[in-house]
Asks: 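Just dropping this structure here.
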Amino acid sequence: MRATLKRALPFIAVLLVASILAACSSSTTTTSGSSSSSNSSSSSGGLKKGLKVFVIPKNLGNNYFTTADSAKTGGAIAALQALGETGTETSGTAATPASQIPAIQAAIAKGANVLIVSATDPTALCPTLKSAMARGITVITYDSDAPTCRDLFINQASTAQIGTSEVDLLAKEIHSTGDISIVSAAATATNQNAWIGYMKSEMAKYPNMKLVSTVYGNDDPPTATQVTEGLLEKYPNLKGIISPTTVGILAAAQVVSTPKWKGKVIVTGLGTPDEMKTYVANGVAPAFILWNPANLGYLAGYAAVYTASKKITGAAA
């Protein structure tokens, strides 16, 4: 049996956190404060205190975002707590704008000073997010961007490398030959579409590999399972599946592990080690990649407070 392979992409979050901290006085401290003090800074010109920060992932119940956001895993809320701020995770149950927008609106109504959002759509969220910004609310996007309606985006890794690495990894596993497909999240997801764009460009390196279809599981396990099953029925000679979403890769691996497909199709993409270890062991997904979601969330939390405190302005250094 092959050893488990989890190839981490270069990830600059820790370095950026260190840079942010180095730019500020080492004597600056923050403590939890009431919401009434949210617009005041410490007498030494430090960070704002008492910020109400809402972390709004694409959807709740997604293990990737649970890791990225929670205090227990060292994610975004852990960073907020370290800075003495109040952090709350909230979102809808589906990774769609229709499910996410009410959560954003509710956070605004509850007096949010900062929103940390993984955007389900690059434009559909903008009327709501622009309204928040007009009220003086700091908007940070992480994981998936809404470029025209936020103050700062926290990218998990090189967009190009995420896309190209997945193609290169699958090419190695299937000897650069055969039909492949992509099981993505939502068709509107900014990060998914950017990665897929680089995947398609990278395919030019492998003339004997053909991308026959891209389908969308909407980061919903039953939907991802259904579209994977549909792919395999439509393309019975399929050799590989790339899923650049932790929900999709898990669903695809589960489908391919059934007797009808096991040993015929290789799955790769972006997965979490705890969810994928079974499929590494059984050979269905011998290799996959991911950054550290908790580091991504932690950086987003730190950057959010520093941006709200005007310590990050977007001006060139």
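Starting from 1, each residue takes its place in the sequence as its number.
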Asks: Would you check if Gln100 and Val117 make a side-chain contact, meaning some heavy-atom pair closer than 4.5 Å?
Replies: yes
Asks: Measuring only between side-chain heavy atoms, which start at C-beta, is Val139 closer than 4.5 Å to Cys149?
Replies: no
Asks: Are Ser70 and Thr73 linked by a side-chain donor-acceptor pair shorter than 3.5 Å?
Replies: yes
Asks: Does Gln226 have more than 12 heavy atoms from other residues, nucleotides or ligands lying within 6.0 Å of its CD?
Replies: no
Asks: Set out, in order, the CA-CA distance, both residues' side-chain angles and the distance that settles side-chain contact (heavy atoms from CB on, under 4.5 Å) for Thr138 and Lys48, then state yes or no.
Replies: CA-CA 12 Å; Thr138 298; Lys48 286 188 175 182; over 6 Å; no
Asks: Quick check: are there more than 12 heavy atoms from other residues, nucleotides or ligands sitting under 6.0 Å from OH of Tyr216?
Replies: yes
Asks: Give me the one residue out of Tyr302, Tyr298, Tyr142 that meets side-chain contact (heavy atoms from CB on, under 4.5 Å) with Ile154.
Replies: Tyr142
Asks: Do Leu129 and Leu115 come close enough that some side-chain heavy atom pair is under 4.5 Å?
Replies: yes
Asks: State which residues pass salt bridge (Lys or Arg N to Asp or Glu O under 4.0 Å) with Asp168; sequence neighbours excluded, sorted by chain then number.
Replies: Lys205
Asks: Would the distance check show the side chain of Glu89 and the main-chain N or O of Phe54 forming a donor-acceptor pair, the cut-off being under 3.5 Å?
Replies: no
Asks: For Glu166, does its backbone N or O pair with a side-chain atom of Thr268 as donor and acceptor, under 3.5 Å?
Replies: no
Asks: Between side-chain atoms of residues 61-68 and protein atoms elsewhere (two or more places apart, or another chain), which donor-acceptor pairs fall under 3.5 Å?
Replies:
unit_1, atom_1, unit_2, atom_2, d
Asn62, OD1, Tyr64, N, 3.0
Tyr64, OH, Asp143, OD1, 2.9
Tyr64, OH, Trp291, NE1, 2.9
Thr66, OG1, Asn62, O, 3.2
Thr67, OG1, Asn63, O, 3.0

Asks: Between the side chains of Thr245 and Asp219, is a donor N or O closer than 3.5 angstrom to an acceptor N or O?
Replies: yes
Asks: Report the C-alpha separation of Asp179 and Ser181 in whole Å, then their side-chain angles, then the decisive distance to 0.1 Å, and conclude whether the side chain to side chain donor-acceptor pair (under 3.5 Å) test is met.
Replies: CA-CA 7 Å; Asp179 292 346; Ser181 62; over 6 Å; no
Asks: Listing request: all salt bridge (charged side-chain N to carboxylate O under 4.0 Å, His left out) pairs with a residue in residues 231-244, at least two apart in sequence or in separate chains.
Replies: Glu233-Lys260
Asks: Give a yes or no answer on whether the side chain of Asn282 reaches the backbone of Val284 with a donor-acceptor pair at less than 3.5 Å.
Replies: yes
Asks: Would the distance check show the side chain of Ser243 and the main-chain N or O of Val183 forming a donor-acceptor pair, the cut-off being under 3.5 Å?
Replies: yes
